[in-house]
Each structure stands twice: as structure tokens, then as C-alpha cells.
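For reference, the structure discussed in these notes is given below.
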Amino acid sequence: METRMVRLAIDFENPGTEWWEAGGSDLWEALSEGFGENAVVVDSSIADSWLLQAATLPGWAGGPEFSPHPICLKELHHDEEV
């Protein structure tokens, strides 16, 4: 079974702060291991689990249509370096 890697990244176009203040900052730091990263590459199953937890915090879906969440999921291209 092949592992599919994806990128979770801070969506700087999302103007909301509620999610970050409601525990999102701690959740993100746990994923990025506290290194202040703007993006992390993880296995898709980890990303799915993390996103489910992130969605339970207030402010997750409070952004505009073009940037609904504070964190976005991006597929990696097969030739992309990580």
C-alpha cells in the first residue's frame, strides 16, 4: 500500500483569529512540532485526522468563500521535493 503525502499549510488569506485563539494555535504547533513552520508535509491519514480535530474548534469555518479555513490542504505533485 502506497503512502500518500499531503501538505497542510496556514492560509494567510483567512482573516479570522477565533480558531487560533480557541486552541488552533496549540493544535498547529503540535503538528509542526513547535518550529514555527507555515506548512508541514504529512501522511494523508494524519492530515485527515488532524483536520477533523481542527474542525471541532470555534472559528474553523468562519472565513470567506475563497479562504474558508485557517489551514488548507494541498496535494503534493509527484515530482515535488519535500
Side-chain angles (χ1 to χ4, degrees):
M1 185 164 131
E2 185 176 322
T3 300
R4 186 173 66 98
M5 302 300 284
V6 296
R7 176 176 284 121
L8 291 173
I10 295 173
D11 191 341
F12 291 105
E13 294 185 2
N14 181 289
T17 59
E18 181 183 13
W19 183 82
W20 293 100
E21 294 168 355
S25 182
D26 291 336
L27 191 61
W28 179 253
E29 285 183 21
L31 183 66
S32 66
E33 298 180 355
F35 291 114
E37 299 291 331
N38 295 331
V40 294
V41 174
V42 296
D43 181 89
S44 61
S45 64
I46 292 171
D48 292 343
S49 174
W50 189 91
L51 288 167
L52 284 173
Q53 187 174 1
T56 66
L57 298 175
W60 174 251
E65 185 177 326
F66 62 89
S67 178
H69 311 295
I71 306 295
C72 59
L73 174 72
K74 298 179 179 183
E75 297 293 327
L76 292 178
H77 301 288
H78 70 281
D79 59 348
E80 189 173 351
E81 287 187 35
V82 291

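No hydrogens, no waters, no symmetry mates; every other heavy atom, side chains included, goes into these values.
With rounding to the nearest 0.5 Å, the separation of CZ in Arg4 from CG in Asp43 is 8.5 Å. Distance check: Asp11 CG to Leu73 CG gives 11.5 Å after rounding to the nearest 0.5 Å.
Contact of the Pro64 side chain with the Pro15 side chain is registered, since non-hydrogen atoms from C-beta on lie closer than 4.5 Å. Between Pro58 and Trp19 there is no side-chain heavy-atom pair separated by less than 4.5 Å.
A donor-acceptor contact shorter than 3.5 Å is absent between the side chain of Ser49 and the backbone of Ile46.
Looking at every heavy atom in both residues, Gly59 comes nearest to Glu18 through CA-OE1, 3.5 Å.
Both Leu57 and Trp50 sit in one connected hydrophobic cluster of ILVMFWY residues. Membership requires side-chain heavy atoms under 4.5 Å apart, directly or through other members. The hydrophobic cluster containing Trp60 also contains Leu31, counting ILVMFWY residues as joined when their side-chain heavy atoms lie under 4.5 angstrom apart, directly or transitively.
For Ile10, the side-chain contact (heavy atoms from CB on, under 4.5 Å) test picks out Phe12, Trp20, Trp28, Asn38, Ile71, with sequence neighbours left out.
Checked for salt-bridge contact, Glu75 and Arg7 miss the test: no charged N lies under 4.0 Å from a carboxylate O.
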When you look at Val41 and Val6, which way does the side chain to side chain contact (heavy atoms under 4.5 Å, CB included) test go after all the steps? CA-CA 6 Å; Val41 174; Val6 296; over 6 Å; no

